[in-house]
Structures are given as structure tokens and as C-alpha cells.
Amino acid sequence: MFRPHSSIHHFKRSFATVATKNARSRRYLATGACIVGIYVGWELWQWHYANDKRLNPDRYVQLELIEKEQLTHDAYRLRLATDAQPQLSFPTLSCLYIKDDNIQVMRPFTPINDPFKDGHVDLIVKRYHYGSISKMLARTELHEKVFVRGPMEEYPYQPNSKDEIGMIAGGTGITPMYQLIQRVLNNPDDKTRLWLIYCNKTQQDILLKKELDALREQHKDRLDILYVLDNPPSDWQGGSGYVTETMVRTMIKGNNKRLVLVCGPEAMLAHVSGQRARDFSQGPVRGILGRMGFSSNQVWKLE
């Protein structure tokens, strides 16, 4: 049957309108699905970011404070929960960066355990009047989160690379030394001899003394320790006052491949080895070690 031209034209327009509406609906659906997919993906990434507790040197992760012990009037042992990574080796000597997210300031802290093996981070924190991060950590409550990034290698230690390693530490500067001492003495193939001069104000300020004394007792032929106090008691058997050249010479046993690590307050570094340079490089060796003839490849100043 013959259909008038106007009817055919109207049918084509109606068909075209329906097709256009269907195409537009499909585009809307595709756009909506894409937006939903992006949102879900973003939420999943945010969830993973917030719950990923593996230490990472490239970004900060939020770790929960699960234990807190006061050691002295101004020092604490903190334990942060992380995910164990037994397939990795935690590098010695390495620190972690701790950040105060409110003021965007970070400082290095050295764990005294192996976080990759243990599944937690143990830190020794001393509350300094001028230390924004140490004060923040000292007031952190259980189950609160701490921003952590690392490990960040400070010195690339290799077993048996030195015949003797000396360490001169003050205050919480003991933490990288303790990390190294444990790693060396727990490795039966590492024959490096160690000595430590550890400086504090009072006997009560000596951190990790029980642990250090136990290691010295177990490894009498490998580890010597001299404790030095600014204000010693009358029956004190260790050193007193500032570190002296005589103290250092008494600890040194060999003349071959040796290294001295120094870590502590700026005034102590200036006295013992000279401070690090303004660009945070090692800078020249000065102070006691400089006068004793130690070269720049025999001294390493830790943060």
C-alpha cells in the first residue's frame, strides 16, 4: 500500500529520535558506570593506603602505637605495629623517618630491633625541650597512629669489612650503635671487634644498659664498653666528664682496618669528631678524632 511521503518522513524522524535517545541513554549509563568505577577504585586505594602497614622507603605509612614504656623521667620505649616482611633483610645501619603531620616536620629515629622479622618497630625516644617530633612521640597515646617512612640507609655496613669498629654515643645516639652491635654479634660469620664509649648526664640516664651489659657478658672477647657520666655517683667505676683522647686510645686495640661511628648531641659531635657539614654531608674530621689522626674514611657521623 502506498504510504504518503509525509508519513514516511514522520516515521524516519521518530525512529531517529528513539535511536538518539537510546544512544544518549547508553552514554549516560557508561559515564555513570565509569564514575562509579573511579569512585570505588579510589575508595579501595584509600582503604589500602590507610591499612597497608608495610614499611616503605618511598612513602609514609600510618603505624599504630601498641606499647609504651617509660624508661626514665624523659625517655620512652615505643612499639609500633607493622607487617612483617621476612623475605626482606632490614639494612644495617638504617633509620626511619617519623613525621608530625600537623606541622609537616620529620626526624630520623633508629629502630633497636629488626622490624622486617619481628612485625613491629621498637623505638627509644627521649623528650627534648626543643624537639618537636620527640615531644609529639612522647605524648602519643596507645592506639594512635604515627607516620613512618623507611628504612633509610645511613651507613652501608658489610660484615667483616672492618677489623674493628668503635662507637662513641651520647643519649639516644645509642640506638644506631645498639642496632649495629646486635647485627654484628648475632652473625656467627662476622668477626668484627667492637667497642663503645657511651656518654650520659647521670647513671639513671643510661639507656639499654641491661641489654648492653648482657651482650658484653656474652661476648667478652668481642665487645668492650665504657660508660661516661657528667655527674657520676661517688662509687662510680666508669669514666666521668667529657670524652678524652685517653679514653679513646684505651679502647683501640688494632691498627688495621678500623672505623669509628659517632652519634649524639651536636656539642658532643663538635668535641669528638666535628659536626656534619651544612649540606648534611660528613664534613671534615675535627675534634678529638681529628687530632688523633683519623681520616674521613675512618669516621662516620650518624644522624
Side-chain angles (χ1 to χ4, degrees), residues 71-72 75 77 90-96 107-115 121-126 134 150-187 190-201 205-220 222-229 238-239 242-243 247-248 250-253 258-269 271-273 275-276 282 285 287-289 294 298-303:
L71 303 176
T72 68
R77 184 197 297 261
F90 195 86
T92 303
L93 288 154
S94 291
C95 67
L96 301 172
R107 291 290 183 271
F109 290 82
T110 304
I112 59 171
N113 70 316
D114 186 335
V121 176
D122 284 344
L123 300 174
I124 301 292
V125 177
K126 192 176 181 71
S134 67
M152 318 301 288
E153 190 173 65
E154 291 194 84
Y155 178 81
Y157 175 72
Q158 295 296 324
N160 297 309
S161 59
K162 305 294 180 184
D163 295 326
E164 177 180 283
I165 295 180
M167 295 159 279
I168 303 175
T172 52
I174 190 60
T175 56
M177 313 310 189
Y178 184 70
Q179 183 189 91
L180 177 66
I181 291 170
Q182 289 187 101
R183 192 62 56 91
V184 171
L185 297 181
N186 288 335
N187 181 357
D190 196 338
K191 307 304 181 183
T192 308
R193 182 185 172 274
L194 305 171
W195 56 262
L196 168 68
I197 298 176
Y198 184 24
C199 309
N200 285 280
K201 291 182 179 179
D205 292 321
I206 301 175
L207 301 170
L208 297 169
K209 188 175 188 302
K210 181 176 69 174
E211 293 85 348
L212 289 167
D213 288 345
L215 288 169
R216 176 170 58 178
E217 183 64 25
Q218 295 168 20
H219 304 276
K220 293 179 180 179
R222 302 273 310 282
L223 174 63
D224 287 342
I225 301 176
L226 174 64
Y227 298 108
V228 180
L229 299 180
Y242 293 108
V243 176
M247 293 178 187
V248 177
T250 301
M251 303 299 282
I252 293 174
K253 302 300 181 186
R258 72 163 67 122
L259 174 72
V260 178
L261 303 172
V262 186
C263 188
E266 291 297 322
M268 193 202 81
L269 258 70
H271 173 68
V272 172
S273 62
Q275 295 175 324
R276 292 162 65 100
Q282 287 292 297
V285 179
I288 290 173
L289 298 180
F294 281 84
Q298 293 178 308
V299 176
W300 193 267
K301 308 163 192 177
L302 298 164
E303 290 190 70

Quiz item: Is Gln182 reaching over with its side chain to a backbone N or O of Asn113, donor-acceptor style, under 3.5 angstrom?
Solution: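 It does not hold such a pair.
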Given side chains that start at C-beta, do those of [X] and [Y] come closer than 4.5 Å, heavy atoms only?
X: Asn160; Y: Thr192; result: yes
X: Ser134; Y: Lys126; result: no
X: Thr175; Y: Phe109; result: no
X: Tyr155; Y: Leu259; result: yes
X: Val248; Y: Val260; result: no
X: Arg258; Y: Gln298; result: yes
X: His219; Y: Leu194; result: no
X: Leu289; Y: Val262; result: yes

Exercise. Tell me, with the steps shown, if Tyr157 and Val184 meet side-chain contact (heavy atoms from CB on, under 4.5 Å).
Key: CA-CA 10 Å; Tyr157 175 72; Val184 171; 3.5 Å; yes
Spacing of [X] atom [atom1] and [Y] atom [atom2] [to the nearest 0.5 Å]:
X: Ile112; Y: Leu208; atom1: CD1; atom2: CG; value: 5.0 Å
X: Tyr198; Y: Lys209; atom1: OH; atom2: NZ; value: 11.0 Å
X: Leu215; Y: Arg222; atom1: CG; atom2: CZ; value: 11.0 Å
X: Leu123; Y: Thr110; atom1: CG; atom2: OG1; value: 8.5 Å
X: Ile252; Y: Phe294; atom1: CD1; atom2: CZ; value: 4.0 Å
X: Lys253; Y: Asp224; atom1: NZ; atom2: CG; value: 6.0 Å

Least distance between heavy atoms, [X] atom then [Y] atom:
X: Met177; Y: Gly173; value: CG-O, 3.5 Å
X: His271; Y: Val243; value: NE2-O, 2.7 Å
X: Leu196; Y: Met251; value: O-CE, 3.7 Å
X: Phe90; Y: Asp114; value: CB-OD1, 3.3 Å
X: Pro151; Y: Ser94; value: CB-CB, 3.9 Å
X: Leu223; Y: Leu212; value: CD2-O, 4.4 Å

Quiz item: Looking at Lys301, Glu154, Met167, which hits side chain to side chain contact (heavy atoms under 4.5 Å, CB included) with Leu261?
Solution: Met167
Practice problem: Look at atom CD of Gln158 and say whether more than 12 heavy atoms of other residues, nucleotides or ligands are closer to it than 6.0 Å. | Solution: no
Quiz prompt | Salt bridge Asp213-Arg216, side-chain N to carboxylate O under 4.0 Å | solution = yes
